Engineer: 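Below are the structure tokens for one structure; questions will follow.
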2 protein chains.
Amino acid sequence: MINILVVEDDAELNETICRYLNYSGYEVSGAMNGADALRFMENKKYDLIVSDIMMPLMDGFVFAETVRAVNQEIPILFMTAKDDLGSKEKGFARGIDDYLVKPFDLTELKWRIAALLRRVRIEQVKKIEIGAFVIDEEEHTANYRGEEIALTKKEFSVLYKLLSFPKKTFSRAALMEEFWGYDSNSTSRSVDVCIAELRKKISEVEEFEIITVHGLGYKAVMR
Amino acid sequence: MINILVVEDDAELNETICRYLNYSGYEVSGAMNGADALRFMENKKYDLIVSDIMMPLMDGFVFAETVRAVNQEIPILFMTAKDDLGSKEKGFARGIDDYLVKPFDLTELKWRIAALLRRVRIEQVKKIEIGAFVIDEEEHTANYRGEEIALTKKEFSVLYKLLSFPKKTFSRAALMEEFWGYDSNSTSRSVDVCIAELRKKISEVEEFEIITVHGLGYKAVMR
DNA sequence: AAGATTTTTACAAAATCCTTACAATTTCCT
DNA sequence: AGGAAATTGTAAGGATTTTGTAAAAATCTT
């Protein structure tokens with residue numbers, strides 16, 4: 001699954017873009033401003049960013065600069081309302097970035113995204129291998145010593161997440177927000193139940209385990 | 001699987017060509033310039049190159065020269081916007097190369113590629129064989145143990161797609177977009193009905209099956 | 001118009017997910 | 001340390017969502 005982060009302060013446009021890209025098979029997150037976007041990126045690996053340039057608080061370039069300080073790889077597709085860009089702005093983009101002038105066609109957006117992704121060769125399989133344990137996002141399967149471990153959608157998401165950032169502790173709230181949705185009931189024990197089920201299913205796996213960080217959440221650790 | 005490398009700096013055209021060739025059954029990589037292309041070639045063996053001539057940084061001829069220093073065999077199909085080529089440029093191509101003048105029809109491109117590949121005696125892969133099961137794109141037929149399995153257009157498209165990428169899960173949305181078109185109603189159950197019909201028709205086939213990935217979509221797996 | 005194909009609909013079946021309840025564990029406080 | 005409070009583990013079962021599929025309706029083909 002390819003993850004795209006959309007940064008756009010116009011709620012309606014943001015929603016339209018996200019919806020369309022999601023429909024096109026991408027996993028999409030919509031952030032309303034740069035600060036939000038940076039928070040998103042702390043908790044999820046994105047393959048591409050689509051960002052407006054003119055936004056309140058933090059403009060697209062400042063945002064991009066901050067992002068690049070951490071991740072040099074990720075391509076950024078800038079959206080701008082100005083029909084002709086200043087040379088300074090044009091020069092800001094690197095070889096693997098691109099521009100799109102509003103208003104644009106959604107199909108056009110999709111093509112540009114596909115082209116950018118192709119350019120950085122993101123289309124490789126996202127597989128995480130830990131000893132004899134393999135979790136594959138494209139196939140949506142988990143295997144241990146050649147035997148498939150059947151995981152449900154939520155279980156898969158959570159486990160893949162934990163293993164993507166080993167040792168990092170994820171709060172229930174964070175997992176809840178990402179996989180269950182914003183409006184989820186905070187008193188819900190769903191995450192715990194999901195973790196319990198995962199532990200049962202990976203009980204044979206010796207390479208890692210999910211441990212509880214009391215009062216904070218869960219994390220995956222190698223052993 | 002035949003691997004084709006497309007070298008074209010116009011992102012949109014690049015994407016269009018890649019998408020089309022991919023749809024035609026080739027494994028395609030898209031490079032935006034010669035340097036990129038050479039990097040690609042370090043990591044993968046290609047059977048044919050489709051390259052623009054006029055590109056920034058490194059033009060198509062310089063690129064081709066570099067390629068041939070390493071690989072004498074690989075055929076190169078040049079694309080050019082000029083209607084009449086200089087004799088020097090014409091003379092550059094070898095017997096197993098070809099030219100295509102822009103703008104061109106995609107069908108024309110496909111035909112030329114097929115011709116070039118034939119010339120170097122590489123067999124076309126439009127046929128997928130899995131044990132006693134054969135699905136042939138050219139004839140648009142499916143056979144099992146010599147008996148034809150009659151498939152409708154949609155059924156054929158979906159099955160061919162699933163079998164082209166075994167184990168990969170395709171979401172309803174993705175299949176919908178590719179074979180039904182983006183405007184299609186997202187609440188539609190057409191994909192499910194199509195899968196149900198396919199399953200009925202391939203129920204005798206032992207070599208593979210279509211599996212439901214709950215909450216995500218469908219995939220074909222060997223067994 | 002007849003036949004084939006595709007879509008919609010409706011209901012059944014299955015899978016997933018959530019809540020609940022109570023037990024176990026950990027932390028906090030004196 | 002001992003007990004209270006908060007947090008976590010987890011089984012059970014019922015609610016919800018997703019999928020299967022037959023049959024009717026709509027659409028396309030010839």
Side-chain angles (χ1 to χ4, degrees), chain A residues 1 22-23 25 140-142 148-162 169-205 209-221, chain B residues 140-142 148-162 169-205 209-221:
Chain A
M1 185 66 87
N22 189 257
Y23 192 82
H140 205 265
T141 54
E148 179 160 347
I149 298 175
L151 299 176
T152 69
K153 203 171 150 191
K154 288 246 158 65
E155 287 160 14
F156 184 91
S157 310
V158 171
L159 182 56
Y160 191 84
K161 185 75 181 185
L162 294 181
T169 302
F170 290 90
S171 68
R172 289 175 180 69
L175 294 170
M176 207 67 185
E177 185 181 320
E178 182 162 355
F179 302 119
W180 276 260
Y182 298 94
D183 51 343
S184 302
N185 184 351
S186 60
T187 66
S188 167
R189 303 289 311 284
S190 313
V191 175
D192 302 75
V193 174
C194 179
I195 292 286
E197 191 58 34
L198 269 176
R199 282 175 171 154
K200 225 185 286 173
K201 289 184 178 179
I202 63 168
S203 59
E204 306 271 289
V205 180
E209 65 184 319
I210 298 173
I211 70 171
T212 304
V213 182
H214 196 98
L216 291 172
Y218 300 100
K219 66 177 174 180
V221 297
Chain B
H140 212 265
T141 55
E148 178 160 349
I149 297 176
L151 298 176
T152 69
K153 226 179 289 173
K154 288 249 157 66
E155 287 160 14
F156 183 89
S157 309
V158 171
L159 182 57
Y160 191 82
K161 186 77 184 180
L162 293 182
T169 302
F170 290 89
S171 68
R172 289 174 180 70
L175 294 170
M176 209 67 184
E177 189 193 338
E178 182 160 356
F179 302 119
W180 277 261
Y182 173 60
D183 295 337
S184 307
N185 182 354
S186 59
T187 65
S188 167
R189 303 290 309 281
S190 313
V191 174
D192 303 72
V193 175
C194 178
I195 293 286
E197 193 57 34
L198 271 175
R199 282 176 172 155
K200 229 183 284 174
K201 291 184 178 179
I202 63 168
S203 59
E204 305 273 288
V205 179
E209 65 185 317
I210 298 174
I211 282 190
T212 304
V213 183
H214 195 102
L216 291 170
Y218 299 100
K219 65 178 174 181
V221 299

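Every chain is numbered from 1 and lettered A, B, ... according to where its sequence line falls, protein lines coming before strand lines. For clarity, every value in this text was computed on a predicted model and none was experimentally measured.
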Engineer: Using OP1 and OP2 only, check whether a side-chain N or O of B:S190 sits under 4.0 Å from C:dT6.
Structural biologist: no

Engineer: Does CD belonging to A:E204 count more than 12 external heavy atoms closer than 6.0 Å?
Structural biologist: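 No - once you tally the heavy atoms of other residues, nucleotides and ligands closer than 6.0 Å, there are 12 at most.
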
Engineer: Do A:K153 and A:F179 have side chains that get closer than 4.5 Å, going by heavy atoms?
Structural biologist: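 A side-chain contact is absent here, since even the closest heavy-atom pair is not under 4.5 Å.
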
Engineer: Return the value, rounded to whole Å, for the distance between atom NE2 of A:H214 and atom P of C:dA24.
Structural biologist: 17 Å

Engineer: Rounded to whole Å, please give me the gap between CE in A:M176 and P in C:dT19.
Structural biologist: 7 Å

Engineer: Round to the nearest Å and state the distance from A:Y218 atom OH to C:dT26 atom P.
Structural biologist: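 Taking atom P of C:dT26 as the reference, OH of A:Y218 is at 13 Å.
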
Engineer: Reckon B:R189 has a side-chain N or O less than 4.0 Å from the OP1 or OP2 of C:dT7?
Structural biologist: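 For B:R189, the contact criterion (side-chain N or O under 4.0 Å from OP1 or OP2 of C:dT7) is not met.
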
Engineer: Hey, is the side chain of A:K200 poking within less than 4.0 Å of OP1 or OP2 on D:dG9, counting only N and O atoms?
Structural biologist: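 It does not, given that no N or O in the side chain of A:K200 lies less than 4.0 Å from OP1 or OP2 of D:dG9.
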
Engineer: Report the residue (B:K154 or A:E155) whose heavy-atom-nearest nucleotide on DNA chain C is the more 5′ of the two.
Structural biologist: B:K154

Engineer: Give a yes or no answer on whether the side chain of A:R199 reaches the backbone of A:I210 with a donor-acceptor pair at less than 3.5 Å.
Structural biologist: yes

Engineer: Between P on C:dC17 and CG on A:L151, what's the gap in Å once rounded to a whole number?
Structural biologist: 11 Å

Engineer: Given D:dA22, D:dT19, D:dG9, which nucleotide is nearest the side-chain atoms of A:R199?
Structural biologist: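 Ranking D:dA22, D:dT19, D:dG9 by closest atom to the A:R199 side chain puts D:dG9 first.
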
Engineer: Hey, does A:L216 reach any base, or is it just sugar-phosphate, or nothing, if we go heavy atoms under 4.0 Å?
Structural biologist: sugar-phosphate

Engineer: Which part of the nucleic acid, if any, lies within contact of A:V213, taking any heavy atom under 4.0 Å across all strands shown: a base, the sugar-phosphate backbone alone, or nothing?
Structural biologist: sugar-phosphate

Engineer: In whole angstroms, how far is the C1' atom of D:dT8 from the CD atom of A:E197?
Structural biologist: 16 Å

Engineer: Quick check for you: among D:dT10, C:dC17, D:dA22, whose closest atom lies nearest to any side-chain atom of A:T152?
Structural biologist: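 Among D:dT10, C:dC17, D:dA22, the one nearest the side chain of A:T152 is C:dC17.
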
Engineer: Could you tell me how far apart A:D192 (CG) and C:dT20 (C1') are, to the nearest whole angstrom?
Structural biologist: 13 Å

Engineer: Measure from NE2 on A:H140 to P on D:dT18 and round the result to the nearest Å.
Structural biologist: 14 Å

Engineer: Test A:V158 against every option in A:L198, A:L151, A:V191 by the side-chain contact (heavy atoms from CB on, under 4.5 Å) rule and name the one that passes.
Structural biologist: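 Single side-chain contact (heavy atoms from CB on, under 4.5 Å) partner of A:V158 among A:L198, A:L151, A:V191: A:L198.
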
Engineer: Taking all non-hydrogen atoms of both residues into account, name the closest pair between B:C194 and B:E155 and its distance.
Structural biologist: SG-CA, 3.8 Å

Engineer: Compare the minimum distances between each of C:dT6, C:dT19, D:dT19 and the side chain of A:V193, then state the nucleotide with the smallest one.
Structural biologist: C:dT19

Engineer: Rounded to whole Å, please give me the gap between CD1 in B:I210 and P in D:dT21.
Structural biologist: 12 Å

Engineer: Quick check on C:dC18: is either OP1 or OP2 less than 4.0 Å from any side-chain nitrogen or oxygen of A:W180?
Structural biologist: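 Checking C:dC18 against A:W180, a side-chain N or O does come within under 4.0 Å of OP1 or OP2.
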
